[in-house]
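Here's the structure we're looking at; comments come further down.
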Amino acid sequence: MVFNKKNAFFDQAAVCQLCAAFSDDASKISLKLPPPTIWKPVMLWTGKQVFNILLSPARERGTLISLRQKGRNYSGSGEAMCTKDGFVIIKNSELMAGNLDKKLLGEGSKNSVF
């Protein structure tokens, strides 16, 4: 996914559009934006923050996701410090490190998120 790479930043309008696109009915959910990572000259959020916003309704309902898994682009050099951002760590429904790919999001195995 493009939106959770290391160099992906979004303004407030783009964050709201992404969250609305991933929800089934935007009028029924209320999402709380975290503080932006960059404040000046323009407020910007990271892609990892966007993914955490999307996981927040599950967190509020008491469903917590924890996952440590190698991604498709794992370089083999350290887990959280992988140079290609290929080792995914989700702790208590918060994406701590890594770049989510198709293998981790929707493969349907016990090691995928959805």
Side-chain angles (χ1 to χ4, degrees):
M1 275 201 237
V2 175
F3 76 88
N4 67 1
K5 293 191 178 198
K6 284 183 179 181
N7 60 353
F9 293 96
F10 304 97
D11 62 5
Q12 185 173 4
V15 170
C16 292
Q17 281 184 328
L18 281 169
C19 292
F22 281 105
S23 67
D24 56 352
D25 187 4
S27 63
K28 291 184 181 179
I29 59 171
S30 62
L31 299 174
K32 183 178 176 184
L33 288 180
T37 299
I38 298 174
W39 285 85
K40 290 188 178 184
V42 178
M43 291 192 303
L44 296 174
W45 285 261
T46 64
K48 288 180 175 54
Q49 285 179 301
V50 173
F51 189 76
N52 289 336
I53 293 169
L54 298 175
L55 286 178
S56 64
R59 190 179 315 124
E60 291 170 1
R61 292 185 182 126
T63 304
L64 299 177
I65 298 170
S66 293
L67 176 72
R68 296 177 66 88
Q69 182 68 29
K70 294 177 187 175
R72 195 174 283 159
N73 56 350
Y74 178 59
S75 65
S77 59
E79 292 181 356
M81 302 307 285
C82 176
T83 56
K84 294 182 179 179
D85 214 16
F87 195 90
V88 176
I89 300 172
I90 298 174
K91 185 174 183 180
N92 295 330
S93 295
E94 185 172 343
L95 179 61
M96 307 299 275
N99 185 9
L100 296 168
D101 54 19
K102 184 178 178 180
K103 175 183 173 186
L104 291 170
L105 279 178
E107 189 177 66
S109 69
K110 66 179 181 176
N111 293 328
S112 64
V113 176
F114 298 107

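In terms of modelled atom types and a separation under 3.5 Å, the side chain of Lys91 and the main chain of Arg68 share no donor-acceptor contact. Side chain of Asn92 to backbone of Leu64: no donor-acceptor contact under 3.5 angstrom is found.
With rounding to the nearest 0.5 Å, the separation of CE in Met96 from CG in Asn52 is 8.5 Å. One finds the CD atom of Gln69 at 11.0 Å from the CG atom of Leu100 (value rounded to the nearest 0.5 Å).
Side-chain contact between Phe10 and Leu44: absent, with no pair of heavy atoms (C-beta onward) separated by less than 4.5 Å.
Every side chain to side chain contact (heavy atoms under 4.5 Å, CB included) that Gln12 has, sequence neighbours left out, goes to Cys16, Leu33, Met43, Trp45. Residues meeting the ring pair (Phe, Tyr, Trp, His ring centres under 6.0 Å) test with Phe87, sequence neighbours left out: Tyr74.
Sorted by first then second residue, the side chain to side chain donor-acceptor pair (under 3.5 Å) pairs that include residues 33-42, not counting sequence neighbours, are Thr37-Gln49.
Taking hydrophobic clusters as Ile, Leu, Val, Met, Phe, Trp and Tyr residues chained together by side-chain heavy-atom distances below 4.5 Å, Val50 does not share a cluster with Phe9.
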